[in-house]
Number of protein chains: 4
Amino acid sequence: MKEELTKHSVVLFQQKGFSETSIQDIVDSIGVTKGTFYYYFTSKEMLLMEIHERYIDDLLNRQKAILEQIESYRAKIVGIVKLIIHDLQTQGPNGRIYFREMRNLAPENVEKIKKKREAFRLNVEQVLRDGIQAGEFRENLQPKMIAFAILGVTNWSYQWFNPSGDVSVQELADMYVDFILNGIISERD
Amino acid sequence: MKEELTKHSVVLFQQKGFSETSIQDIVDSIGVTKGTFYYYFTSKEMLLMEIHERYIDDLLNRQKAILEQIESYRAKIVGIVKLIIHDLQTQGPNGRIYFREMRNLAPENVEKIKKKREAFRLNVEQVLRDGIQAGEFRENLQPKMIAFAILGVTNWSYQWFNPSGDVSVQELADMYVDFILNGIISERD
Amino acid sequence: MKEELTKHSVVLFQQKGFSETSIQDIVDSIGVTKGTFYYYFTSKEMLLMEIHERYIDDLLNRQKAILEQIESYRAKIVGIVKLIIHDLQTQGPNGRIYFREMRNLAPENVEKIKKKREAFRLNVEQVLRDGIQAGEFRENLQPKMIAFAILGVTNWSYQWFNPSGDVSVQELADMYVDFILNGIISERD
Amino acid sequence: MKEELTKHSVVLFQQKGFSETSIQDIVDSIGVTKGTFYYYFTSKEMLLMEIHERYIDDLLNRQKAILEQIESYRAKIVGIVKLIIHDLQTQGPNGRIYFREMRNLAPENVEKIKKKREAFRLNVEQVLRDGIQAGEFRENLQPKMIAFAILGVTNWSYQWFNPSGDVSVQELADMYVDFILNGIISERD
DNA sequence: TATGAATGAGCGTTCATTCAT
DNA sequence: TATGAATGAACGCTCATTCAT
């Protein structure tokens, strides 16, 4: 039941937004009463918190696996990009909430989640830094800014990409890996 | 007064979100009463609509100028990237609302705004398409997806970039132009 | 278990009030679940009813003993005053509920308790009436009003007296006996 | 309207208790909506706070007048007793709330009211102390405890006395003045 | 004897909106 | 042009109670 509530909440939050989704909406969507919701969650915020935490924890775990298993820094970046893009299909709504609704958490919870999100980004930064030193990436890159740029490319796709449209998730991932690695210019200046 | 209301609304919406900002909050921030608000706006949604429309119209105008005045396609892309990034400083709050709060518009209004946002993106797409044909950009690019990638890099910065931090808006813009044009890889494989 | 539930309820009711204490609070305080509560009590009101009834029945019994065993009417009054005041220490919380929470009983239960409370008071009244006739008390007293006055002095102490403070229960009882018998004036006019 | 709301609230609180009276009950009783209530009061607690404060402030003012205008200490005590008893008629419901519902205020507000209530009692204590020294009252009295006893007699009447019954407020006041001054015993032992 | 899941009614509160002035 | 009183619907949440197990 708790799982059920979470699952339906995620879909609703993604469709209408956290503030715009009422507990009534959630419980109506699975035919139980509000009391039931509060039997499983102490508050609406706690539900959002759980969704956030579960998502980022999962992401961090899988990022860790990539960082440990793959050797070249280029391959690590490729792995992380593909990780995010592939989630579009399997975790779509979860991700869309994750990338939007954080304002509605209490300050202390925002902090907790922010730390984990930063950890994810800092890992990307570290790969870039190491890869620059190893000569795999260009020397004049600012790791921090470029990490944000890469995450911008991938995360932004959660705003518009339709996994069941013309372009498949695989194709998108390949294109973005190529874009990130090579840019768009036809030949070096 | 209408201007005043809009300006303060933008700041509040950006800080707390549209749903989380009450009309009371808005009018309190400039010391008038709710009646006054409804003298100038027919509804809270209409205010949001105006903010959106004004922002995207302005963006489209300036994009148009770039497209018309600059010759090379590379330069056009550079121009558009710099346009978005520079707005971080001058239009920060406006942009942040623009990139987030669209859910709260009625379907017909969403459609209206969406069309204009698409126009902006389609212009980027067109530049890419033309640039590919002209040999300025790599041939194997999918213009649509790459347009989204470029906008991802730039728009995402509205989520985290602090214009008064270590890195200036100019520096960020330069870095992102470089990233978009050249990617991160050190040398072609 | 029933005893356990009652005992903890009494303490909680006294601390927070009947309406402000939830069944959850009660069962949490002894580590069982709500189901258990409803196994032993048909409703929250019934618990309150039992507390009230038990308290007043006990009080009536002990009042009866005093009325039967002691001869002089003055001594009977002294006995009753001491009975109430001494309960402050042994029955504190019980008494405090008794003197406050009756509103939350159903009308028919209120009636039942009220009758017993009245019986207690009427016994005081009777002692006064008999004592006046026997010349032990002043002639111009209205027994009913004076009974209320005496109970006011004693019962009110449940609102403020701290049995473990400077003044002991014994001292308070002695003072109040003296006050009730002699008043405060220094000499007869 | 605010006055109206307060007046009806007082009656309802007295009849059913604070927790047992809903905002809906209050607004229904004068045919407005809940929104109206919250236009005038920031919370239910604030309403209770206002009732308390208004009542105790008024009481303190009138007590002050008595303390200043009347010379003998006996007369001062008589004045205070009559003040409280007479309020039964004019302020009945207000008083009944005052003597019961304080648990529902936030700690800081409880403190504020408690201080004022204590001031009232301490004034009685002071009169007793001065009166003892002046020889108007018996020497062996403990002012603090006796102050509580006197207030017990008077305040308790708010629990049972019906001003429109057999005994008038004046008669009750006279009886209680007599009781407090002389006690009930027929002759000294 | 005790649990735990579920209910449903109600509560205090918020808020966009209306409208007479 | 602006106010302030009022509305009414909705919201997050609580809680006494039920009941199958």
Side-chain angles (χ1 to χ4, degrees), chain A residues 1-2 4-5 18-28 30-48 104, chain B residues 1-2 4-5 18-28 30-48 104, chain C residues 1-2 4-5 18-28 30-48 104, chain D residues 1-2 4-5 18-28 30-48 104:
Chain A
M1 172 62 27
K2 189 174 180 176
E4 199 75 358
L5 283 166
F18 177 78
S19 288
E20 291 76 14
T21 302
S22 68
I23 306 286
Q24 198 57 252
D25 290 337
I26 296 169
V27 297
D28 282 356
I30 56 174
V32 294
T33 57
K34 276 198 277 194
T36 302
F37 178 91
Y38 282 95
Y39 182 75
Y40 292 103
F41 298 97
T42 50
S43 71
K44 197 185 171 192
E45 196 202 317
M46 271 312 157
L47 163 60
L48 182 59
N104 301 285
Chain B
M1 172 63 28
K2 188 170 180 177
E4 200 74 0
L5 282 166
F18 176 78
S19 288
E20 291 76 14
T21 303
S22 68
I23 306 283
Q24 197 57 252
D25 290 337
I26 296 168
V27 297
D28 281 357
I30 57 174
V32 295
T33 56
K34 279 197 278 196
T36 303
F37 179 91
Y38 281 94
Y39 182 78
Y40 291 104
F41 299 96
T42 51
S43 71
K44 198 186 172 191
E45 196 203 318
M46 273 313 157
L47 162 60
L48 182 59
N104 300 285
Chain C
M1 173 62 27
K2 189 172 179 177
E4 200 74 0
L5 283 166
F18 177 79
S19 288
E20 290 76 13
T21 302
S22 68
I23 305 284
Q24 197 58 253
D25 290 336
I26 296 168
V27 297
D28 281 357
I30 56 174
V32 294
T33 56
K34 279 198 278 199
T36 304
F37 178 91
Y38 280 93
Y39 182 76
Y40 291 105
F41 298 97
T42 51
S43 71
K44 198 186 173 190
E45 197 203 317
M46 272 312 156
L47 163 61
L48 182 59
N104 301 285
Chain D
M1 173 63 26
K2 189 173 180 179
E4 199 75 0
L5 283 166
F18 177 79
S19 289
E20 292 76 12
T21 302
S22 68
I23 306 285
Q24 198 57 251
D25 290 337
I26 296 169
V27 296
D28 282 356
I30 55 173
V32 295
T33 56
K34 278 200 275 193
T36 302
F37 179 90
Y38 282 95
Y39 181 75
Y40 291 103
F41 299 96
T42 50
S43 70
K44 198 186 173 192
E45 197 202 318
M46 271 313 158
L47 163 60
L48 182 58
N104 301 286

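By convention in this document, chain letters (A, B, ...) are assigned in the order of the sequence lines, proteins followed by strands, and residues within each chain are numbered from 1.
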task: Could you go through the side chain to side chain contact (heavy atoms under 4.5 Å, CB included) check for Asn104(C) and Glu20(D) one step at a time?
output: CA-CA 9 Å; Asn104(C) 301 285; Glu20(D) 292 76 12; 2.8 Å; yes
Heavy-atom check, side chain of [X] versus side chain of [Y], under 4.5 Å:
X        : Y        : result
Val32(C) : Met1(C)  : yes
Ile30(D) : Leu5(D)  : yes
Leu47(B) : Ile23(B) : no

Could you pull out the protein-nucleic contacts involving nucleotides 18-21 of chain E (nitrogen or oxygen on both sides, under 3.5 Å)?
none

Atom pair distance, as rounded to whole Å: [atom1] in [X] and [atom2] in [N]:
X        : N       : atom1 : atom2 : value
Ile26(C) : dA2(E)  : CD1   : C1'   : 17 Å
Leu47(B) : dT17(E) : CG    : P     : 10 Å
Glu4(B)  : dT1(F)  : CD    : C1'   : 15 Å
Tyr39(B) : dT1(F)  : OH    : C1'   : 5 Å
Ile23(C) : dG4(E)  : CD1   : P     : 17 Å
Met46(A) : dG12(F) : CE    : P     : 16 Å
Glu20(C) : dC11(E) : CD    : P     : 14 Å
Leu48(B) : dC15(E) : CG    : C1'   : 17 Å

task: Just call it for Ser19(C): base, sugar-phosphate, or nothing, with non-hydrogen atoms closer than 4.0 Å on any strand.
output: nothing
side-chain N/O Tyr40(C) vs dA2(E) OP1/OP2, d < 4.0 Å: yes
Which residue lies more 5' along DNA chain F, comparing Gln24(A) with Lys44(C) via nearest heavy atoms: Gln24(A)
query: Atom CD of Gln24(C) and atom CZ of Phe37(C): how far apart are they, to the nearest 0.5 Å?
result: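 Nearest 0.5 Å value for the CD-CZ distance: 11.5 Å.
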message: Can you pull out every side chain to side chain donor-acceptor pair (under 3.5 Å) where at least one residue sits in residues 31-44 of chain C? Sequence neighbours excluded, please.
response: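 Every candidate side chain to side chain donor-acceptor pair (under 3.5 Å) pair involving residues 31-44 of chain C fails, so no pair, neighbours aside, qualifies.
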message: Just to be sure I understand: a Watson-Crick pair is purine N1 to pyrimidine N3 plus N6-O4 or O6-N4, both under 3.5 Å. Using that and G-U wobbles, which stems of three or more pairs involve DNA chain F?
response: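 In DNA chain F, stems of three or more pairs: E:2-21 with F:2-21.
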message: Both Thr36(C) and Ser43(B) contact DNA chain E. Taking the nearest nucleotide for each, which residue is further toward the 5' end?
response: Thr36(C)
Residue met sooner reading DNA chain E from 5', once Thr33(C) and Phe37(B) are mapped to nucleotides: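 Closest to the 5' end, via its nearest nucleotide, is Thr33(C).
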- request: Check for a donor-acceptor pair, side chain of Asp25(B) on one end and backbone N or O of Ser22(B) on the other, with a separation under 3.5 Å.
  value: yes
